[in-house]
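Structure first, commentary second.
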Number of protein chains: 2
Amino acid sequence: MAQTPQYRRIYELLRKHIVDGVYKEGDLLPSENELCRVHNITRPTVRQALDALVHGGFIKKQQGKGSIVSSLPQGIGILSVSGTTSAVGINNLKTKILTGPEVRAWAGAFMFPLSQVEKESGYVYIERLRILDEKPIFLDVNFLPNINLPRFTSRSFENRSLFDILRKFYNIQVTGGEQRLRAIKADENIGNHLQVKKGHPVLHLERKIATNRVDYYFYSSIYCNTDISAIYGAF
Amino acid sequence: MAQTPQYRRIYELLRKHIVDGVYKEGDLLPSENELCRVHNITRPTVRQALDALVHGGFIKKQQGKGSIVSSLPQGIGILSVSGTTSAVGINNLKTKILTGPEVRAWAGAFMFPLSQVEKESGYVYIERLRILDEKPIFLDVNFLPNINLPRFTSRSFENRSLFDILRKFYNIQVTGGEQRLRAIKADENIGNHLQVKKGHPVLHLERKIATNRVDYYFYSSIYCNTDISAIYGAF
DNA sequence: TGAAATAACTTGTAAATACAAGTTTAAATT
DNA sequence: AATTTAAACTTGTATTTACAAGTTATTTCA
């Protein structure tokens with residue numbers, strides 16, 4: 001009946017409290033039984049929420065002791081699905097649209113194999129520069145198969161998470177994905193955007209992102225300048 | 001009573017079957033209820049095993065349909081805990097010990113903050129080169145705090161997973177961790193080992209690895225040549 | 001025959017319960 | 001007082017039950 005499941009609500013709540021500093025590093029979260037009482041739910045449900053927090057790297061659990069809040073990462077977390085991207089430095093992380101959103105047709109080879117439906121549909125192209133403290137940190141190039149995305153190209157993307165828009169307007173939620181990482185030399189174009197010399201080492205991520213819409217994936221190619229801040233991930 | 005929990009057994013079994021090709025990409029695993037019947041366990045237990053497979057990127061689940069086997073990754077999976085390292089290409093992945101194992105004392109700054117106990121204990125140092133198809137793929141430098149690791153320096157590490165040794169002889173299992181990624185220029189030393197020119201882009205991972213032993217972490221600094229095969233990860 | 005309704009599957013969420021195992025605190029014993 | 005023991009916590013594993021929700025195959029009806 002509930003649109004969002006209970007464990008999700010508890011997860012979001014605890015996550016927010018950790019990010020906001022209600023619980024600090026090393027603190028113990030309320031025990032599972034206490035969370036049960038407070039929110040009037042059962043332990044399996046609480047544990048489902050806590051598992052998600054562990055998976056996101058927000059807490060560690062220790063048998064007999066409790067759920068210990070982890071330190072918030074120093075770098076930028078884009079390795080896990082909702083792990084830390086939305087958690088850290090989102091305040092001073094600005095977004096600049098370089099190209100799009102505009103509809104294009106697939107041409108040439110692509111970083112991931114595409115289905116027939118995807119090929120026929122074309123894609124929405126968005127190229128963005130993400131800026132942290134006035135310094136360009138990463139350039140992300142996004143490919144969203146143009147399947148059931150009405151009025152997408154006319155939406156505003158400035159300083160807004162792509163994920164948020166997909167969730168809010170199209171009820172598309174990211175459920176996971178796969179990625180490849182490489183260290184490459186920046187070419188002329190990437191170098192200009194990231195303000196590094198041509199040939200400078202840059203981290204390249206190629207991602208295929210799965211959603212709650214069955215068989216709907218979208219794709220991102222991300223170039224990171226890791227000189228200032230590293231990419232962070234929990235596992 | 002059971003030394004290893006049931007869900008772990010089922011997880012290992014299914015994982016092996018996927019890796020061995022019993023279930024191929026796109027195949028459906030037996031349904032949860034079927035796995036219950038076959039292994040004489042209950043659905044929450046089965047689901048715990050399947051969750052672990054999802055987390056490792058081996059399957060995707062679709063409500064109403066089933067558990068769909070994912071494609072085995074092309075690259076080398078060292079991003080997740082037991083995700084794909086041990087799954088892919090372990091046959092032709094050779095290991096060459098460059099230094100150690102030998103006990104050393106901490107000196108100077110370290111990539112992660114250390115506890116007092118860790119500082120006082122020193123660490124076991126191991127430097128290894130991992131070779132895939134006669135080509136050096138990555139160089140890993142490991143720091144294991146020298147706490148309760150009897151006879152560690154005298155063990156043989158050739159062509160053997162560090163994780164395996166820790167599990168087998170010391171009952172230490174990797175439960176998770178955190179990592180930072182950077183694209184850097186190879187220096188003289190790294191360039192020589194990885195057979196790339198000095199200044200060539202190399203992927204650098206700094207990892208703090210958590211274990212089932214409370215407060216026991218170990219650390220790895222990994223340098224990857226991603227020219228031939230990328231680093232792969234599911235999330 | 002073709003479309004719609006139904007049944008029989010699948011996974012997702014959730015409750016209530018039980019005991020095992022690790023940690024901490026308090027009490028009892030020496 | 002110091003040590004040991006026990007109790008009261010904590011999380012880990014597991015069962016049983018129930019219904020919701022999505023998918024597929026079958027049946028029914030027009």
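In what follows, chains carry the letters A, B, and so on, assigned in the order in which the sequence lines appear, proteins first and then strands, with residues in each chain numbered from 1. When reading the values below, keep in mind they use all heavy atoms of this one structure, side chains included, and skip hydrogens, waters and symmetry mates. No experiment lies behind these values; they were computed from the predicted model shown.
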Query raised in the report: What is the distance, rounded to the nearest whole Å, between atom CD of Gln62(A) and atom C1' of dT24(C)?
Result: 11 Å
Query raised in the report: Does any donor atom in the side chain of Tyr219(A) or Glu118(A) lie under 3.5 Å from an acceptor atom in the other side chain?
Result: yes
Report summary line: Atom CG of Asn212(B) and atom P of dG22(C) are separated, to the nearest Å, by 11 Å
Query raised in the report: Taking CG from Leu28(B) and P from dC9(C), how many angstroms apart are they, rounded to a whole number?
Result: 16 Å
Query raised in the report: In whole Å, what is the span from the CD atom of Gln48(A) to the P atom of dA14(C)?
Result: 7 Å
Report task. Would you tell me if any nitrogen or oxygen in the side chain of Arg47(A) comes within less than 4.0 Å of OP1 or OP2 on dT11(D)? Result -> no
Query raised in the report: What's the CZ-P distance between Arg8(B) and dA14(D), to the nearest Å?
Result: 12 Å
**Report entry** Side-chain donor-acceptor contact under 3.5 Å, Tyr232(B) with Glu206(A)
**Finding:** no
Query raised in the report: Rounded to whole angstrom units, what separation is found between the OH atom of Tyr11(A) and the P atom of dA14(C)?
Result: 16 Å
Query raised in the report: dA14(C) phosphate, OP1 or OP2: any side-chain N/O from Tyr7(A) under 4.0 angstrom?
Result: no
Query raised in the report: Which residue, Tyr216(A), Tyr123(A), Phe218(A), forms the side-chain contact (heavy atoms from CB on, under 4.5 Å) with Ile147(A)?
Result: Tyr216(A)
Report summary line: Sorted by number, residues from residues 32-45 of chain B placing a heavy atom under 4.0 Å from DNA chain D are Ile41(B), Thr42(B), Arg43(B), Pro44(B), Thr45(B)
Requested in this report: Compare side-chain N and O positions of Lys65(B) against OP1 and OP2 of dT24(D) and report whether any pair is under 4.0 Å apart.
Outcome: yes
Query raised in the report: Side chains of Arg130(B) and Thr95(B): donor-acceptor distance under 3.5 Å anywhere?
Result: yes
Query raised in the report: Measuring from Asp51(B):CG to His55(A):NE2, what's the distance to the nearest 0.5 Å?
Result: 10.0 Å
Requested in this report: Answer with yes or no whether the side chains of Ser220(B) and Asp140(B) bring together a donor and an acceptor at under 3.5 Å.
Outcome: no
Report task. Look at Gln6(A) and dA15(C) and indicate whether a side-chain polar atom (N or O) is within less than 4.0 Å of OP1 or OP2. Result -> yes
Query raised in the report: Out of dT24(D), dT13(D), dA14(C), which has the shortest distance to the side chain of Pro5(B)?
Result: dT13(D)
Query raised in the report: Hey, are Lys61(B) and Glu32(B) close enough for a salt bridge, meaning a charged N less than 4.0 Å from a carboxylate O?
Result: yes
**Report entry** Whole-Å distance separating the CD1 atom of Ile59(A) from the C1' atom of dT10(D)
**Finding:** 13 Å
**Report entry** Atom pair distance, as rounded to whole Å: NZ in Lys61(B) and C1' in dA21(D)
**Finding:** 14 Å
